[in-house]
There are 2 protein chains.
Amino acid sequence: MSDLLERLRGRGWRMTAQRRVVAEVLEGDHVHLTADEVHARAVERLPEISRATVYNTLGEMVSLGEVIEVSTDRRAKRYDPNAHRPHHHLVCGRCGAIRDVHPSGNPMADLPDDERFGFTVSDVEVTYRGICPNCAATA
Amino acid sequence: MSDLLERLRGRGWRMTAQRRVVAEVLEGDHVHLTADEVHARAVERLPEISRATVYNTLGEMVSLGEVIEVSTDRRAKRYDPNAHRPHHHLVCGRCGAIRDVHPSGNPMADLPDDERFGFTVSDVEVTYRGICPNCAATA
DNA sequence: TCCTACATTGGACTCAATCCAAGTCAATTT
DNA sequence: AAATTGACTTGGATTGAGTCCAATGTAGGA
C-alpha cells in the first residue's frame, strides 16, 4: 500500500506517528499538495500535529530524495511523491493545478558547451504552462 | 543608448524620474537583478525613490512585455530586460547567479498530445541547474 | 497656467516558510 | 521492563518578499 512509507522505512528512518501520517497523505499519482494542504489532511488523522513538523518532515523527505519539491509559481511549494521516475510538469496558470508529464527529447543534450559558461550542469527542469480544461470552461 | 527606455517611451508610457531610473538600471546583457537590487541602484541616482514604486514599475514593465520575470528559486524574483529574444536560464544552485542560454531543440514539440491532459499549452520554460565556476572554485 | 488622471510614497499588512527553546518520545542499552 | 538519550515535536515569534492603501505629488494635455 504505502510505497513511500516503505521506502522511508527501508532507509532506517526513525518512525513516529507524525511522519507516518505525512507519508500516508502523500500517496498517489499526480499528487502535488502544498505544505498547508498536507497539514490539513494530516490533522484529520492526527489532530495535534503541528505545521512545523509537517515542514520538517517534508523537508527531510526531500533531502532523502523520496519526495520532490515543486515550485512552479510564487505561491506555496508543492510536494510530489513521484520521485522514482524522472518527469516534468504542466501547470495551469489560472488555478495552479499540476500534472506530471514525460516529454520526449533530451534538453540536457541541447545545451551546447559554449553556452555553459563553465558551469557544471547537473539538472534540467522543464515547465509547460497553459490553462487547464476546467479553467478554460470557466473562462 | 537606453534600448529599454526607448521601447517604453515608444509605447506612450508616461515618463517620470522614477521610471526612467528603473529602466536605466536594467540596461545590459545577462542582467538579472532582484527588486531590492534595482532599488539599491536606483537610490544612488534618485535618493527618494521608494520600494513600492520600484515594485510597481517593474510589474508594469513585465505587463508590457518589455521585461521578463525570472523566478528560478524561492528567493526573490529577478528581472531580465532581455525580452526581445526568447531564451532560457542556467542557474547556480549555490549563489543564485543566472546566465541566459539558447538551447537547440524545441521542447514545445516534445510534449505529445496524450500528455497534455486537455490543457491549452502556451509556453515552456527550461531551467538548467548547476554550479558556477566561481562557486566550484570556492568549494 | 490649470486640471486631472495617473504616479509615488511609506507604513501596515499578508503569506509562506524558518527558527528556537522547551517538552516529548522511539529505540537502544542495561 | 526500566532507564537512557539523542532525535523529534511543538507553537509562538520571526523573517523575507511582496502587496495594499489612503494621502500626496506631478506629467502632459487643454
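Numbered from 1 within each chain, the chains take letters A, B, ... in sequence-line order.
Remark: B:Tyr55 is in phosphate contact with D:dG18, judged by side-chain N or O atoms under 4.0 Å from OP1 or OP2. Taking 4.0 angstrom as the limit, B:Thr53 places a side-chain polar atom (N or O) nearer than this to OP1 or OP2 of C:dT9. Remark: A:Lys77 is not in phosphate contact with C:dC15, judged by side-chain N or O atoms under 4.0 Å from OP1 or OP2. Dashed line: the shortest gap from a side-chain N or O of A:Gln18 to OP1 or OP2 of C:dT24 is not under 4.0 Å. The shortest distance between the side-chain N/O atoms of B:Thr16 and the OP1/OP2 oxygens of C:dT8 is below 4.0 Å.
B:Asp100 has no carboxylate O lying under 4.0 Å from a charged side-chain N of B:Arg85, or vice versa, which leaves the two without a salt bridge. A salt bridge links B:Arg11 with B:Glu66: the closest approach of a Lys/Arg side-chain nitrogen to an acidic carboxylate oxygen falls below 4.0 angstrom. A salt bridge does not link A:Glu69 to A:Arg78: none of the charged side-chain nitrogens sits closer than 4.0 Å to a carboxylate oxygen.
No hydrogens or angles considered: nothing links the side chains of B:His32 and B:His30 as a donor-acceptor pair under 3.5 Å.
Residue contacts for A:Ala52: at a heavy-atom cut-off of 4.0 Å it reaches a base atom on one of the strands shown.
Minimum atom distance to the side chain of B:Arg19 is reached by C:dA7, of the listed C:dA26, D:dG11, C:dA7. Side chain of B:Glu48, nearest nucleotide from C:dT8, C:dA17, C:dT9: C:dT9. In the set C:dA17, C:dT9, C:dT8, the nucleotide with an atom closest to the side chain of B:Ile49 is C:dT9.
The distance between atom CE of B:Met15 and atom P of C:dC6, rounded to the nearest whole Å, is 17 Å. Between A:Leu58 atom CG and C:dA16 atom C1' there is a gap of 13 Å when expressed in whole angstrom units. Computed from coordinates, the B:Arg74 CZ to C:dT18 P distance equals 9 Å when rounded to whole Å. Distance, A:Asp36 CG to C:dC15 C1': 10 Å, rounded to whole Å. Here C:dT18 presents its P atom at 9 Å from CG of A:Asn56, a figure rounded to the nearest Å. Here C:dA16 presents its P atom at 18 Å from CG of B:Asp73, a figure rounded to the nearest Å. Look at CH2 on A:Trp13: it is 13 Å from C1' on D:dT9, rounded to the nearest Å. For the pair B:Leu46 CG and C:dA7 P, the computed distance is 17 Å after rounding to whole Å.
Evaluation of atom-type donor-acceptor distances gives no pair under 3.5 Å for the side chain of A:Arg14 against the base of C:dT28.
The heavy-atom pair separating A:Met108 from A:Arg116 by the smallest distance is O-NH2, 3.0 Å.
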